[in-house]
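FYI, the numbering just counts along the sequence from 1. In what follows, every heavy atom counts, from backbone to side chain, and hydrogens, waters and symmetry copies are set aside.
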Amino acid sequence: MANKIPSSSCSHSLKSQYMIPLILLAIYIRISISFSPHSGQSKPPMYGDYEAQRHWQEVTVNLPLDDWYRNTTDNDLQYWGLDYPPLTALHSHVMGHVAQRINQSWVQLHESRGQESYEHRVFMRFTVLISEVLHLAPLFLLLYPSSTSIYPLILLAVNPSQALIDHGHFQYNNISLGLTLLAVLALKHSHLCLGSSLFCLAINYKQMSLYHALPFFFFILGPRYNSLSGIRELIKVGVTVIVTFGLCWFPFVPTGQEVLTRMFPFNRGLFEDKVANLWCTVSVLVKVRDLFSRAVLVKCALFLTLVSVLPSQLLLFRESSHYKFLLALTNSALGFFLCSFHVHEKTILIPLTTIVLFYSDKERHAGKEGVVAALPAVWFTTIATFSMWPLLLKDGLCVPYLAGMGLYLTICYILLKDQLRNKLVLLFVFSVIGCVVLHVLEVLVSPPVRYPHIYPTLNALYSAGHFSLFFCYFNYRQIVD
């Protein structure tokens, strides 16, 4: 290769030499994005997710625990009521007390709504940056030993998707995703109870972590259900799960019903905005929300989700290797994203969490050019980031989106430029061109009056088509590899 990127023969010492600079690069990218606008900035009366996170701090430091999930005169659930599990509430409580120590006005009951001072934004952005340790550490720890070259770590450092949501839009996805990755790392090293406990914590921080629950269950169960020693291990895991959930939920027992109602809001509808999944795609032609009741749609979504994810989980049950585990995690999360009820566009980060681990794919493609073997993961990252464009545009994050995607695709070009005759690489190039064409059309051509949301819809359709093909591809990989 003519470029300066180390080849697949890169030594262990060279990888070590690049590790610290790449981690610093990843942190620098996140800090740079944090100077951008956040969700709902200067947009009263509801503002956005930034205000939701701040408001939860306000509620949890000023009200008794029993009122955190209840609709009261001091806690209007219509104004960003808590709708995540207990660990999110407890995290908000801790952050709220820190905020209160710094400046009480940031979390003053009722009076602090819409707080967006510069000092407060610095505080909130810093809390997300500190949380990033939970996310980046296990990613690098999982990728580093399985990489024969530096390119997977470079791709990981410049990956813009999660950074744009957590450090731009503003959320704490890095905590639940990081806990899940730490659980994967623990299971890789046969620490069953630790891995189970960490994954339970991920679920109790964000319920969308349930997208990964079936693979964890079958991966632990598969090799152990038919032997006495295995059953002893399963009992230990079961006790660990019960204790972890018990500790998280014990303070919330009196309000458990309210917490569960807020966590699973079936009254919100089949999907939100234009999300790149099956239901939004079908609704372009058939208005399923008008044809069927919510109860029927919930059952249909549950049925389709189970049908889509169970085959890969049964395969994992039969062959519980770490590699198959990663594929099953990917297939389960993608199946839930495509088929389940009430999905947000940001939820694509959940399957992406394990897909980026395929940046290093030497295990099954040792004889191929490494970066080409990892191309499906690179490709998925690109489309996942593109699919969140309508949300990022609404938040005023155009510049960090274009800069992040530009940097990521530039690195991809440097790595792939000697492989442009490869058919898979050419398909990736044409796919990216399609994204660019949609962006250019959105800038140059105003949407028809009759179809004001045509561009978010086209984005969703284009992305959903890709995600469906990726779902088939990763299921195929799990069968044949």
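- Not a single donor-acceptor pair under 3.5 Å links the side chain of Asn277 to the backbone N or O of Val343.
- Across every non-hydrogen atom of Ser36 and Leu397, the tightest pair is CB-CD2, 3.4 Å.
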Mind running salt bridge (charged side-chain N to carboxylate O under 4.0 Å, His left out) on Arg268 and Asp83 for me, showing each step along the way?
CA-CA 12 Å; Arg268 289 189 186 176; Asp83 53 5; 2.9 Å; yes

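- Remark: the Asp395 side chain and the His38 side chain contain no N/O donor-acceptor pair separated by less than 3.5 Å.
- The structure places CG of Leu185 at 4.5 Å from CG of Leu142, a figure rounded to the nearest 0.5 Å.
- Between the side chain of Tyr69 and the main chain of Tyr84, a donor-acceptor pair closer than 3.5 Å is present.
- Using a cut-off of 4.0 Å between Lys/Arg side-chain N and Asp/Glu carboxylate O, Glu233 and Lys236 are scored as not salt-bridged.
- Trp56 and Thr88 are not linked by any side-chain donor-acceptor pair at a separation below 3.5 angstrom, with hydrogens and angles left out of the test.
- Residue Lys206 is tested with Thr180, Asn173, Thr347 for a side-chain hydrogen bond (donor to acceptor under 3.5 Å, both in side chains); the sole match is Asn173.
- Remark: the backbone N or O of Ala163 is not paired with any side-chain donor or acceptor of Arg30 at under 3.5 angstrom.
- Between atom CD of residue Gln207 and atom CZ of residue Arg262 there is a gap of 10.5 Å, rounded to the nearest 0.5 Å.
- Counting only distance, with no hydrogens or angles, the side chain of Asp166 and the backbone of Asn174 share a donor-acceptor pair below 3.5 Å.
- The backbone N or O of Phe219 lies less than 3.5 Å from no partner atom in the side chain of Lys324, so there is not a single donor-acceptor pair.
- A donor-acceptor contact closer than 3.5 angstrom is absent between the side chains of Tyr50 and Arg54.
- Taking the six-membered ring for Trp and the full ring otherwise, the centers of Phe386 and His439 sit less than 6.0 Å from each other.
- The distance from atom CG of Leu153 to atom OH of Tyr151, rounded to the nearest 0.5 Å, is 10.0 Å.
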Solution key, residues 292-313 side-chain donor-acceptor pairs under 3.5 Å, sequence neighbours excluded:
residue : atom : partner : partner atom : Å
Ser293  : OG   : Val296  : N            : 3.3
Arg294  : NE   : Phe266  : O            : 3.1
Arg294  : NH2  : Asn267  : O            : 3.4
Thr305  : OG1  : Ala301  : O            : 2.6
Thr305  : OG1  : Cys339  : O            : 3.4
Thr305  : OG1  : Ser340  : N            : 3.3
Ser308  : OG   : Leu304  : O            : 3.2
Ser308  : OG   : Thr305  : O            : 2.7
Ser312  : OG   : Val309  : O            : 2.9
Gln313  : NE2  : Val309  : O            : 3.4
Gln313  : NE2  : Ala328  : O            : 3.4

For this session: Could you go through the side chain to side chain contact (heavy atoms under 4.5 Å, CB included) check for Met388 and Ser161 one step at a time?
Result: CA-CA 8 Å; Met388 296 185 288; Ser161 51; 4.0 Å; yes

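- The 12-atom threshold is exceeded at NE2 of His191, counting heavy atoms of other residues, nucleotides or ligands nearer than 6.0 Å.
- To the nearest 0.5 angstrom, Arg224 atom CZ is 7.0 Å from Leu234 atom CG.
- In terms of heavy-atom proximity, Gly96 sits nearest to Gln57 at CA-CB, 3.7 Å.
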